[in-house]
Each structure stands twice: as structure tokens, then as C-alpha cells.
Number of protein chains: 2
Amino acid sequence: MRKESSTNFENQQTLTDFCNASKTLQLISGRWKLSLLFSLLEHDRRSFSNFKQLLPAISDRMLALHLKQMTDDLLITKEKIEDGVFYTLTEKGKSLKKILSNLAEWQI
Amino acid sequence: MRKESSTNFENQQTLTDFCNASKTLQLISGRWKLSLLFSLLEHDRRSFSNFKQLLPAISDRMLALHLKQMTDDLLITKEKIEDGVFYTLTEKGKSLKKILSNLAEWQI
DNA sequence: CTCATTACTAACAATTTTGTGAGTTGCCCA
DNA sequence: TGGGCAACTCACAAAATTGTTAGTAATGAG
């Protein structure tokens, strides 16, 4: 999906190497990620279809993509339990809580 | 640049309306914005060429684009002073400081 | 006056992100 | 054993962001 030789890619690379904030920002950048994270902060455990109910406009593709990225980034884990597949925040994911609430509370 | 009728656009719209954090995130999303903001937090006043020195890899176009967006978003102001054009943080811009440091300090 | 520099803008191309529609696999229930 | 649902995946298309190259207007130095 990403081309590993392009000015675009290299610039992003350089920035995240140089600036920790950019690295952090990357983790939560993506159309639906904030909503997914907030929903997990509230509900602790969510299935694919739970998310779809919460965000009727999201496509299966985007949902799966974001979940995969966040899993790869170790923000969430996927577990198969007797009654289905569930996503949960990892400790790393939970530690974003402060940032997320700051974003939510910020005004003017 | 943005098409005002597309699922893509509408989804973004809905999310920022629904979720304040998304609105906030929008303000700081953009390849070089964090670096520009951090630089203004440190130096208070910067010119176009100051930014270019700081970020040799940025193109004139992207620099101008980000500066314009941040100006439109009222995060910065542009002032023509005797020795050139300078950009400064507004109060609104400064109030992002906490969020920015949280992003920068976040680890693991 | 001429040249260089600063602060841009415009046209266009490349890259990346997001969305669509149609499958696929595994499982449960009747 | 056939249908339905959950949780995906795939190929492709649309849209958005980012980068490249070549300008332009205003200012100041020589």
C-alpha cells in the first residue's frame, strides 16, 4: 500500500524519526480511529459488528484496515472468545487516554 | 481542493460534528504542521524562510499551504513588519501547547 | 537600472487515503 | 444440507494530500 521509495514516504519517515509527536500523531491518524478508540475506552470490549453499529457509515474495508493498523501498532488486541472475535485496548492503547481526552476537551 | 459532495467529505464532516476530538485533530493534521507549531512555540516569530531553513525538505507549496490553513484556522497570524513578513501564534494556537507536549512526551 | 532575495502562486504529477461492490470462510441453526 | 450471519478480503475507483517545476510581485543592494 505504501511505496517505500518516494519523497512523500521519506519525508514522513524523517519527521517521525525527528519528532516524537509526529510518531504519536500517526497512531491516531485515520478517518475513524478516534471514534474506535473512544468506543473502546468506554466499552472495553467490542466486536466487528459492534463497531459497525456504532459507526453506520464506515465500510467493512476501512474498519478492518484501521483495526489491523491499530493491532500492528499494539494499541489493541484481537481475541477469539467462545462467542466471537473481540477487540480490546492494550496498556499502550489505554495510555493514550490522556491525549484523547485533551483532544476532546480542547476548545477555542 | 475539497469536493463538497462525496462520501469521503460527508464522513469527515459527520465525524468532526459528532466528535470534538476529531475537530481538534484536524487542526494539527498535515505533514509538517507539528514541526511548524513547535517551532513557533519556541521562537515566537518566524518568517517563511526561517521555516524553510528549519525544514529543508519542505516545498514552498506545502509550507504556504500549511501556513494558510493554520491562518484560516486562527492558530497563527501573519504580520508584515518593517523587516519582512512574520508568523506568530495566536492565543488559540498557544492553547494547543498542552496537547502538543502530550503528543511529544507520550511513550510506549 | 539590474540582480538577487523573499514570499509566495499556478499547473500538473505522484502518492496515499478512503470508498464500493462483490466475494470468501467458518459457524450455528433449523 | 441449506440458509444466514459474522468477520473478514480483494480488485478497483474516487478523492485527498503531497511533491515538482516553473513562474510572479515586491523589495533592497550595488
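Here the structure is a predicted model, which means the values were calculated and not measured.
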Go through [options] for me and flag the one nearest to the [X] side chain.
| X | options | answer |
| --- | --- | --- |
| A/V85 | D/dT18, C/dT18, D/dA7 | D/dA7 |
| B/F48 | D/dT9, C/dT9, C/dA7 | C/dA7 |
| B/N8 | C/dA7, C/dG19, D/dA6 | C/dG19 |

Nearest-Å distance, [atom1] ([X]) to [atom2] ([N])?
| X | N | atom1 | atom2 | result |
| --- | --- | --- | --- | --- |
| A/R2 | D/dG19 | CZ | P | 11 Å |
| A/Q12 | D/dT18 | CD | P | 9 Å |
| B/L67 | D/dT18 | CG | P | 14 Å |
| B/I58 | C/dA7 | CD1 | C1' | 14 Å |
| B/L15 | C/dT18 | CG | P | 11 Å |
| A/F9 | D/dG19 | CZ | P | 13 Å |
| B/R46 | C/dC8 | CZ | C1' | 19 Å |
| B/H66 | D/dT17 | NE2 | P | 10 Å |

Cut-off 3.5 Å, no hydrogens considered: what does the side-chain donor-acceptor table look like for residues 62-78 of chain B, sequence neighbours left out?
| from | atom 1 | to | atom 2 | distance (Å) |
| --- | --- | --- | --- | --- |
| B/H66 | NE2 | B/W32 | N | 3.3 |
| B/K68 | NZ | B/D72 | OD1 | 3.4 |
| B/K68 | NZ | B/D72 | OD2 | 2.7 |
| B/Q69 | OE1 | B/K33 | NZ | 2.9 |
| B/T71 | OG1 | B/L67 | O | 2.6 |

Determine, stepwise, if the pair B/W106 / A/K92 fulfils side-chain contact (heavy atoms from CB on, under 4.5 Å). CA-CA 10 Å; B/W106 187 85; A/K92 187 176 178 183; 3.6 Å; yes

Would you say [X] reaches [N]'s phosphate, i.e. side-chain N/O to OP1/OP2 under 4.0 Å?
| X | N | result |
| --- | --- | --- |
| B/K78 | C/dA7 | no |
| B/K52 | C/dA7 | no |
| B/W32 | D/dT17 | no |
| B/S6 | D/dA16 | yes |

Any protein N or O atoms within reach of nucleotides 20-28 of chain D? Criterion: under 3.5 Å, listing atom names and distances.
| from | atom 1 | to | atom 2 | distance (Å) |
| --- | --- | --- | --- | --- |
| D/dT20 | OP1 | A/T7 | OG1 | 2.9 |

Would you indicate what B/Y87 reaches in the nucleic acid, counting non-hydrogen atoms under 4.0 angstrom: base, sugar-phosphate, or nothing? sugar-phosphate

The complete set of salt bridge (charged side-chain N to carboxylate O under 4.0 Å, His left out) pairs with one or both residues in residues 41-65 of chain B, sequence neighbours excluded, reads B/K52-B/D60

Ignoring hydrogens and angles, state whether a donor on the side chain of A/S47 or A/N50 is under 3.5 Å from an acceptor on the partner side chain. yes

Is it true that a side-chain atom of B/N11 and a backbone atom of A/I58 form a donor plus acceptor pair closer than 3.5 Å?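 The answer is no, because no donor-acceptor pair under 3.5 Å joins these two groups.
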
Does B/L15 offer a backbone N or O that forms a donor-acceptor pair with the side chain of A/R31 under 3.5 Å? no

Exceeds 12 heavy-atom contacts within 6.0 angstrom, atom CZ of A/F18: no

